[in-house]
Amino acid sequence: MWRSCLRLRDGGRRLLNRAPGGRTASVGPGLSPQSPARAYAPPTERKRFYQNVSITQGEGGFEINLDHRKLKTPQAKLFTVPSEALAIAVATEWDSQQDTIKFYTMHLTTLCNTSLDNPTQRNKDQLIRATVKFLDTDTICYRVEEPETLVELQKNEWDPIIEWAEKRYGVEIGSSTSIMGPSVPAKTREVLVSHLASYNMWALQGIEFVVAQLKSMVLTLGLIDLRLTVEQAVLLSRLEEEYQIQKWGNIEWAHDYELQELRARTAAGTLFVHLCSESTTVKHKLLQE
């Protein structure tokens with residue numbers, strides 16, 4: 001069978017303050033660069049060694065400080081992000097860690113590391129084409145021929161999203177029960193390549209990340225375009241798994257954990273795309289009790 005938002009806390013604004021520069025902290029997820037063919041895989045955990053997290057604005061963008069040390073990437077580059085909103089979100093990840101730093105929960109930090117170090121050494125064109133290639137194996141374009149109840153479920157739940165995407169971008173996508181999948185027209189690929197080219201490199205890293213989570217470019221487009229919520233996109237990507245769970249029952253804790261993890265990664269990736277596509281600064285407001 002076929003393959004199985006982060007909210008900024010109210011106190012986020014307090015993180016934006018001038019912290020003394022100088023020392024650096026190479027403590028980001030993935031301390032050792034991976035093979036050029038792979039993105040970073042964050043280590044598991046380590047003891048929290050800092051008390052305060054703050055943000056400063058430098059020449060290259062916004063920096064994250066752990067106490068008085070500047071955060072660095074796995075390749076020892078200064079950890080600098082292009083927007084204040086993204087800096088607040090990343091700082092919130094670090095500030096939310098308790099006695100132990102759980103790197104595998106820090107998806108925004110990992111995405112920033114990947115964008116800064118570009119461990120796969122891809123340019124914008126390569127990144128776009130790698131993302132569009134997911135159309136060849138898009139989850140919602142593959143259909144089963146039986147049982148009839150699942151056939152109807154896929155038709156009722158997936159067809160409206162494909163129809164939306166075709167109308168929204170003026171393309172043909174379709175679906176197929178063949179193991180080879182649908183034959184996606186070259187014109188469709190050209191249109192989607194052109195659409196993705198309107199995003200910057202940082203946002204594209206996030207889009208590819210979300211596509212990889214959902215195993216679907218069509219669902220990712222709906223999510224980024226606010227046609228779908230994170231919960232809807234995740235459930236649609238897991239339609240067959242959820243059908244089997246309803247029929248045969250849930251494996252205690254395993255399915256729930258997988259679902260929550262997928263939601264967390266998808267939400268983080270979607271937030272990353274939007275924060276990398278917005279203005280560099282956040283409007284300051286005086287918050288009153």
Applying side chain to side chain donor-acceptor pair (under 3.5 Å), name anything that partners Y243, two or more places apart in sequence or on another chain.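 Partners of Y243 under the side chain to side chain donor-acceptor pair (under 3.5 Å) test: T149.
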With sequence neighbours left out, write down each residue that passes side chain to side chain donor-acceptor pair (under 3.5 Å) with D136, or none if nothing qualifies. R189
Can you find a heavy atom in the side chain of [X] that is under 4.5 Å from one in the side chain of [Y]?
X	Y	result
R238	E258	yes
V53	N65	no
L66	F49	yes
F62	I88	no
L135	V218	yes
F209	V273	no
T120	Q126	no
V90	I55	no

Evaluate W158 against R143 for side chain to side chain contact (heavy atoms under 4.5 Å, CB included), listing each step before the verdict. CA-CA 10 Å; W158 285 348; R143 304 298 172 87; 3.3 Å; yes
State whether the side chain of [X] and the backbone N or O of [Y] hold a donor-acceptor pair below 3.5 Å, judged by distance alone.
X	Y	answer
D125	R129	no
D225	R227	no
T100	E45	no
D95	A91	no
T188	V184	no
Q97	E93	yes
T105	K102	yes
E166	G174	yes
S198	S194	no

Salt-bridge present ([X], [Y]; N to O < 4.0 Å):
X	Y	result
K47	D99	no
K72	E63	no
E261	R265	yes
E172	K187	no
D138	K133	no

Please assess V151 against V144 for the test side chain to side chain contact (heavy atoms under 4.5 Å, CB included), listing each intermediate value before the final yes or no. CA-CA 6 Å; V151 171; V144 299; 4.0 Å; yes
Please output the side-chain donor-acceptor pairs of residues 199-207 that fall under 3.5 Å, not counting sequence neighbours, one pair per line with the distance.
from	atom 1	to	atom 2	distance (Å)
N200	OD1	W202	N	3.1
N200	OD1	A203	N	2.7
N200	ND2	C276	O	2.8

Hey, is [atom1] on [X] packed in by over 12 heavy atoms from elsewhere, all under 6.0 Å?
X	atom1	value
R168	CZ	yes
K124	NZ	yes
Q51	CD	no

Could you walk me through whether E208 and T131 pass the side-chain hydrogen bond (donor to acceptor under 3.5 Å, both in side chains) test, one step at a time? CA-CA 5 Å; E208 186 192 35; T131 303; 4.7 Å; no
Distance, nearest 0.5 Å, that separates [atom1] of [X] from [atom2] of [Y]:
X	Y	atom1	atom2	result
K215	F134	NZ	CZ	7.0 Å
R263	T270	CZ	OG1	13.5 Å
T220	Q213	OG1	CD	9.0 Å
I162	I173	CD1	CD1	6.5 Å
N113	K77	CG	NZ	10.5 Å
S54	K70	OG	NZ	8.0 Å

Evaluate side-chain hydrogen bond (donor to acceptor under 3.5 Å, both in side chains) for T109 paired with W94, printing each intermediate quantity in order. CA-CA 9 Å; T109 300; W94 286 90; 3.3 Å; yes
